[in-house]
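Starting from 1, each residue takes its place in the sequence as its number.
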Amino acid sequence: MTLLDEVFNRSMRTRAWVLEMAIRSVIKFRQSYALYSLTKVGMIVTLPALGNAGSALAYVGLATWALTSARRAFESLVLLVLLTFLNPAIYAQASEGGSSLDAARWVVILCAFATGLRYGVSGITKTYNFIIFFAATAFLSVIFSTSDADVGFFKLTMFVFGATTVCLLFRSRNFNYEFARDWFATIFVVVVFLSLPTHFVPSIGYAKNGTGFQGILNQPQAFAVFLSPLVTWFTCMIISGEFRSKIVTAATLISVPFLFLTLARTGAIALLLGFSAAIIVFPFSPRATKYAASRSRVILASGATATAILLLAFSGEASDAAFRFIQKGSNSEHVSEAFTKSRGAKADASLDNFDDNPIFGIGFGMPSIPGDMQVSREPIFGLPISAPVEKGNLVLAVLEETGSVGFLAFLCMISSCILMAVKTRQPSSVALATSALGTNLGEATLLTFGGLGLYIWIVLLISQMPRQDTRRRDE
């Protein structure tokens with residue numbers, strides 16, 4: 001062996017050692033980051049259990065954290081959603097606090113908005129143009145139709161402000177799809193595994209009505225709306241090989257029965273719509289995605305779907321169980337009758353209001369029945385800061401509130417959300433967007449940033465983000 005060969009071999013061994021150390025460092029960092037993320041979520045979930053002081057400290061912490069960077073502002077917004085809907089059987093302050101907590105939520109969003117402006121914008125998302133277009137038509141409904149103009153204007157302002165905040169963060173520097181996915185994986189795992197023991201304590205897990213499972217959230221419907229998009233998203237990513245995590249896989253498997261235990265048909269419909277959209281898009285997905293999706297996983301998923309359909313079609317016990325789920329505790333004899341009893345009165349009221357106000361509607365954010373709305377106002381100037389209204393179906397709610405003019409703009413906005421997700425050519429992204437929008441068929445949350453609307457818009461914009469680590473095998 002010549003001297004040159006010996007030098008070359010030593011050089012190669014040195015490079016191999018450096019590469020091995022670098023890989024080990026990356027693995028340790030990822031493990032420590034996962035632990036760090038779990039610690040942050042655990043702190044925010046634990047603090048409100050200490051009472052009002054702990055809750056206030058949690059909001060202050062989120063606001064401060066949101067001011068430091070775009071990524072931390074995003075983390076704060078997701079944690080804010082979780083903090084808003086905690087189970088009052090565990091967290092007593094969740095049913096108290098009133099206007100002070102409502103104001104605290106908007107302070108956190110304001111801090112996130114300031115961060116979005118501070119860290120630069122590389123071109124606003126195309127969906128934002130349609131959001132502003134819809135907001136302009138909704139503004140006409142506030143001017144011409146509503147009797148409570150200050151409440152309508154407040155709700156519209158909060159919608160635009162919240163949507164702008166989320167869009168700014170998603171276009172900030174150093175923010176990507178992989179980071180958003182990993183953070184939601186952490187949130188998902190924490191919520192599912194903390195909810196698991198509450199199933200065995202009915203006074204907590206079934207505190208709202210004694211029949212529907214709500215876990216650590218404040219009601220079964222909110223739990224279903226939270227779970228269904230994430231279950232759809234992670235299931236598609238696991239099957240396609242896009243995302244691999246044993247703990248997330250376990251959480252996903254646990255979440256499926258949780259969804260049906262909620263007795264919330266909204267979650268089941270959103271799940272079905274999301275999976276259907278993923279199946280339609282899969283043949284058109286990039287070759288790398290098809291390559292990563294192993295044949296065994298695809299066959300297993302297809303077989304499970306086919307088995308479920310056959311059981312519902314030919315098994316008397318399975319079909320009876322499905323019908324009892326649709327009945328949701330009522331004594332209806334038919335599926336249509338069950339849905340009519342559940343949402344029929346609200347749907348009729350919305351259609352009647354639309355017939356009376358076909359052009360501009362009754363006003364953005366207004367209730368179907370006049371006076372059926374509790375308005376919380378801040379004590380200094382008397383400005384509204386919260387005015388919740390429960391609407392069953394988003395399509396009917398938009399028709400009723402903004403009329404035919406606003407509804408056309410709304411269709412443009414929704415179409416943009418779906419098309420931007422389809423443009424990624426990723427089944428998991430299309431499934432996430434479809435499932436998130438599907439939750440609004442039974443619970444109109446998209447336009448209410450004081451509630452779950454913030455969460456829905458966050459996952460919608462995640463579905464539009466391109467991948468940074470897309471593998472290009474066999475190309």
Can you find a heavy atom in the side chain of [X] that is under 4.5 Å from one in the side chain of [Y]?
X: Leu259; Y: Ser228; result: yes
X: Arg71; Y: Phe175; result: yes
X: Thr266; Y: Leu441; result: no
X: Ile462; Y: Tyr177; result: yes
X: Trp65; Y: Val108; result: no
X: Leu77; Y: Thr165; result: yes
X: Arg181; Y: Met465; result: no
X: Val459; Y: Phe226; result: no

When rounded to the nearest 0.5 angstrom, what is the spacing between [atom1] in [X] and [atom2] in [Y]?
X: Cys412; Y: Leu419; atom1: SG; atom2: CG; answer: 10.5 Å
X: Leu227; Y: Ile254; atom1: CG; atom2: CD1; answer: 11.0 Å
X: Glu75; Y: Ile187; atom1: CD; atom2: CD1; answer: 8.5 Å
X: Leu110; Y: Arg105; atom1: CG; atom2: CZ; answer: 15.5 Å
X: Ile132; Y: Met413; atom1: CD1; atom2: CE; answer: 10.5 Å
X: Leu446; Y: Ile414; atom1: CG; atom2: CD1; answer: 5.0 Å

Query raised in the report: Is the Phe74-Phe170 ring centre distance short of 6.0 angstrom?
Result: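 Yes.
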Query raised in the report: Under the side-chain contact (heavy atoms from CB on, under 4.5 Å) criterion, do Asn218 and Leu86 qualify, and how do the steps go?
Result: CA-CA 5 Å; Asn218 64 349; Leu86 290 174; over 6 Å; no
Report task. For side-chain contact (heavy atoms from CB on, under 4.5 Å), just list the numbers for Asn129 and Phe133, CA-CA rounded to whole Å, side-chain angles, deciding distance to a tenth of an Å, and then say yes or no. Result -> CA-CA 6 Å; Asn129 298 326; Phe133 177 46; over 6 Å; no
Query raised in the report: Taking only residues at least two apart or on different chains, which pairs with a member in residues 429-442 satisfy side chain to side chain donor-acceptor pair (under 3.5 Å)?
Result: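 Pairs touching residues 429-442 that pass the test: Thr232-Ser435, Ser429-Arg467, Asn440-Thr445.
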Requested in this report: State whether a side-chain donor-acceptor pair under 3.5 Å links Thr235 with Thr252.
Outcome: no
Query raised in the report: Looking only at side chains, do Thr127 and Gln464 share a donor and an acceptor under 3.5 Å apart?
Result: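 On atom types as modelled, these side chains qualify, holding a pair under 3.5 Å.
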**Report entry** Lys391 and Glu400: CA distance, side-chain angles, deciding distance, salt bridge (charged side-chain N to carboxylate O under 4.0 Å, His left out) verdict
**Finding:** CA-CA 10 Å; Lys391 299 288 180 75; Glu400 175 190 23; 3.1 Å; yes
Query raised in the report: Does the side-chain contact (heavy atoms from CB on, under 4.5 Å) test come out yes or no for Leu396 and Phe354, once each step is laid out?
Result: CA-CA 9 Å; Leu396 294 180; Phe354 174 68; over 6 Å; no
Identify the heavy atoms of [X] and [Y] that sit nearest to each other, and give their distance.
X: Thr402; Y: Phe407; value: OG1-N, 3.7 Å
X: Ser368; Y: Ser350; value: OG-OG, 3.7 Å
X: Gln214; Y: Pro220; value: CB-N, 3.6 Å
X: Asn87; Y: Ala207; value: OD1-CB, 4.4 Å
X: Trp457; Y: Cys417; value: CZ3-SG, 3.9 Å
X: Gly438; Y: Leu273; value: CA-CD1, 4.0 Å

**Report entry** Whether Phe134 and Phe364 hold their rings parallel, tilted or perpendicular, with breakpoints at 30° and 60°
**Finding:**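 Phe134 vs Phe364 ring planes: perpendicular.
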Query raised in the report: Between Trp183, Phe234, Phe243, which is the residue that forms a ring pair (Phe, Tyr, Trp, His ring centres under 6.0 Å) with Phe188?
Result: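 Between Phe188 and the candidates, ring pair (Phe, Tyr, Trp, His ring centres under 6.0 Å) is satisfied uniquely by Phe234.
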Report summary line: Partner of Phe223 under ring pair (Phe, Tyr, Trp, His ring centres under 6.0 Å), picked from Phe213, Tyr206, Phe85, is Phe213
Query raised in the report: Does Thr249 have any side chain to side chain contact (heavy atoms under 4.5 Å, CB included) partners at least two apart in sequence or in another chain, and if so, which?
Result: Ile238, Leu253
Query - Among Val422, Val430, Thr424, the one residue meeting side-chain contact (heavy atoms from CB on, under 4.5 Å) with Gln426 - result: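 Of all the options given, the one that passes is Thr424.
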Requested in this report: Run the numbers on Phe449 and Phe161 for side-chain contact (heavy atoms from CB on, under 4.5 Å), then give the verdict.
Outcome: CA-CA 9 Å; Phe449 270 80; Phe161 178 66; over 6 Å; no
Requested in this report: Please confirm whether the backbone N or O of Leu194 pairs with a side-chain atom of Thr198, one donor and one acceptor, at under 3.5 Å?
Outcome: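 No, the answer is negative, given that no donor and acceptor are paired below the 3.5 Å cut-off.
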